[in-house]
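If you're wondering where the values come from, they're calculated on a predicted model, not measured in any experiment.
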Amino acid sequence: MILKHDKPIYLEICSYFIQQIELGLFNEGDAMPSIRELAYELGINPNTVSRSYQMLEAQGYIEIIAQKGAFVKKKSVTINIKAIKEVIKPITHQLTKEELIAIINEIYQGEEHD
């Protein structure tokens, strides 16, 4: 996770995890990074991470269990196109349109879709 500092850090953390959950990269029951672990990784105060986790819990995305940690509570049931675009957009600056289409085609050829 890379902080952009374009909004308060606790909101960046919330947005990041909401996006990851909505994209299906975190699933219901998955453990979240510990508050201390994430704070150390990002070089920020653990209270900032704690505030983010409290917001995520209030929004129904995670559940915090005392002495055990935080776990994903909400499973994404719909594809969030806006979240997907936010993930792909930075990649488009490093790839040509043709390269990106080729990658998508490879993904679809390697899997069966309904």
Side-chain angles (χ1 to χ4, degrees):
M1 174 178 186
I2 298 172
L3 298 174
K4 299 175 189 171
H5 301 292
D6 58 346
K7 56 186 165 186
I9 294 171
Y10 73 96
L11 291 177
E12 281 193 60
I13 294 169
C14 285
S15 295
Y16 172 82
F17 282 113
I18 289 170
Q19 182 182 51
Q20 298 297 300
I21 292 167
E22 289 182 352
L23 286 171
L25 300 175
F26 280 89
N27 295 304
E28 191 169 2
D30 285 352
M32 299 285 290
S34 75
I35 289 172
R36 286 184 182 163
E37 175 187 327
L38 187 57
Y40 177 78
E41 179 184 322
L42 298 175
I44 61 173
N45 190 305
N47 292 333
T48 303
V49 177
S50 179
R51 183 175 183 186
S52 300
Y53 279 20
Q54 289 170 358
M55 287 185 67
L56 289 167
E57 184 175 43
Q59 293 175 30
Y61 282 96
I62 66 171
E63 179 179 17
I64 300 170
I65 302 172
Q67 307 299 320
K68 295 195 185 263
F71 300 88
V72 176
K73 183 176 177 184
K74 184 184 261 185
K75 184 176 181 180
S76 178
V77 293
T78 59
I79 295 174
N80 184 329
I81 298 298
K82 183 179 177 187
I84 292 171
K85 286 180 182 178
E86 288 178 20
V87 170
I88 293 174
K89 190 173 182 177
I91 297 169
T92 62
H93 298 294
Q94 299 171 355
L95 300 172
T96 66
K97 181 178 178 181
E98 292 75 23
E99 290 170 328
L100 188 57
I101 291 170
I103 291 168
I104 292 169
N105 286 334
E106 284 179 29
I107 292 168
Y108 273 88
Q109 290 172 358
E111 300 177 9
E112 289 193 27
H113 295 276
D114 295 330

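Y61 and F17 fall within a single hydrophobic cluster, where Ile, Leu, Val, Met, Phe, Trp and Tyr side chains are chained together by heavy-atom contacts under 4.5 Å. Placement of I104 and I91 within a single hydrophobic cluster is found when ILVMFWY residues are connected by side-chain heavy-atom separations under 4.5 Å, directly or transitively. Under the 4.5 Å side-chain contact rule for hydrophobic residues, I44 and M55 do not share a cluster. Tracing side-chain contacts under 4.5 Å through hydrophobic residues (I, L, V, M, F, W, Y), one reaches I103 starting from I88; they form part of the same cluster.
Nearest heavy-atom pair across S52 and C14 is O-SG, 3.4 Å. Among all heavy-atom pairs drawn from K73 and E63, the shortest one is CB-N, 4.0 Å.
You'll find the side chain of L42 stays beyond 4.5 Å of the side chain of T48, heavy atoms only. Annotation: side chain of I21 is not in contact with side chain of L56 (no heavy-atom distance under 4.5 Å).
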N/O donor-acceptor pairs under 3.5 Å from side chains in residues 29-39, not counting sequence neighbours:
from: D30; atom 1: OD2; to: N27; atom 2: N; distance (Å): 2.8
from: S34; atom 1: OG; to: E37; atom 2: N; distance (Å): 3.0

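We find the CG-OH distance between N45 and Y10 to be 14.5 Å, quoted to the nearest 0.5 Å. Note that CD of Q67 is 11.5 Å distant from CD1 of I65, once rounded to the nearest 0.5 Å.
Looking at residues two or more places apart in sequence or on another chain, you find a side-chain contact (heavy atoms from CB on, under 4.5 Å) between I64 and Y53, E57, I62, A70. Every residue meeting the side-chain hydrogen bond (donor to acceptor under 3.5 Å, both in side chains) condition with S15, not counting sequence neighbours, appears here in chain and number order: K7. Annotation: side-chain contact (heavy atoms from CB on, under 4.5 Å) contacts of Q54 (sequence neighbours excluded): S50. Under the rule for a side-chain contact (heavy atoms from CB on, under 4.5 Å), the partners of I101 that lie at least two apart in sequence or sit in another chain are K97, N105.
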